[in-house]
Amino acid sequence: MGAVGYGLSAAIAVAGANQARKAYEIEAQQKLEQADIAGIEADQQAINRTAQLNEQLSSILATTAGSGVSVLSPTTQTIKRAEKKIASADLSSIKFMGDSKRRQFKISASGSRIKGKAAQLQGYGQAVAMGTKAYMST
């Protein structure tokens, strides 16, 4: 291969390196969007669980009041506390899992960016090697 061939190879290596980096950047952006979606999903699950708790508490109050038991009775208050405790544990779990998914996607996005930089550097290295060969062949 002559100097022109090595020169063309170097140019193609640079172009390929830049395209690889762009592809990894797009992948990283996609993973960041997935992280945002995971956060939104966790927030929505928390909202749904809170609404479910409110429905349960309303049902408890309606049932006790309808049966002639005071809504302030110790039994009613104990049931309400138990429901709130369960809901609180559920909400903590929902938030933890949502945060965990978000972190996983963000870490994955960082990995994609690093891969993109590595691919670009590798391509530049190949371009330098081809350029050197082109120079030496003249």
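All heavy atoms count here, side chains included; hydrogens, waters and symmetry mates do not. Small disclaimer: the values here were computed from a predicted structure and weren't measured.
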Step by step, would you call Met97 with Lys101 a side chain to side chain contact (heavy atoms under 4.5 Å, CB included)? CA-CA 6 Å; Met97 295 302 288; Lys101 282 175 107 176; 5.7 Å; no
Determine, for Glu25 against Arg21, whether the closest basic-nitrogen to carboxylate-oxygen distance falls under 4.0 angstrom.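 So Glu25 does not pair with Arg21 through a salt bridge.
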As an exercise, state the distance from [atom1] of [X] to [atom2] of [Y], rounded to the nearest 0.5 Å.
X	Y	atom1	atom2	value
Leu91	Ile47	CG	CD1	10.5 Å
Lys85	Ser88	NZ	OG	9.5 Å
Asn54	Ser59	CG	OG	12.5 Å
Ile94	Glu41	CD1	CD	12.0 Å
Gln45	Gln52	CD	CD	12.0 Å

Is any side-chain heavy atom of [X] less than 4.5 Å from a side-chain heavy atom of [Y]?
X	Y	answer
Arg81	Gln77	yes
Tyr124	Asn18	yes
Gln126	Ile12	no
Val14	Gln120	no
Ser100	Gln104	yes

Under 3.5 Å, is there a donor on one side chain and an acceptor on the other for Gln44 and Asn48? yes
Hydrogens and angles aside, do Thr76 and Ser73 bring a side-chain donor and acceptor to less than 3.5 Å of each other? yes
Is it true that Leu72 and Leu61 fall in one hydrophobic cluster, defined by side-chain heavy atoms closer than 4.5 Å? yes
For Ala46, does its backbone N or O pair with a side-chain atom of Thr50 as donor and acceptor, under 3.5 Å? yes
Sidechain-backbone polar pair: Ser9 side chain, Gly5 backbone, donor-acceptor under 3.5 Å: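 Yes.
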Between [X] and [Y], which heavy-atom pair has the shortest distance, and what is it?
X	Y	answer
Ala17	Gly123	CB-CA, 3.6 Å
Ala42	Gly98	CB-CA, 3.6 Å
Ala134	Tyr6	CB-CB, 3.4 Å
Ala87	Leu53	CB-CD2, 3.8 Å
Ala13	Ala127	CB-N, 3.9 Å
Ala35	Arg102	O-CG, 3.1 Å

Among Gln30, Lys31, Glu27, the one residue meeting side chain to side chain donor-acceptor pair (under 3.5 Å) with Ser108: Lys31
Does the pair Met130 and Leu8 meet the rule for a side chain to side chain contact (heavy atoms under 4.5 Å, CB included), with working shown? CA-CA 9 Å; Met130 291 298 165; Leu8 286 173; over 6 Å; no
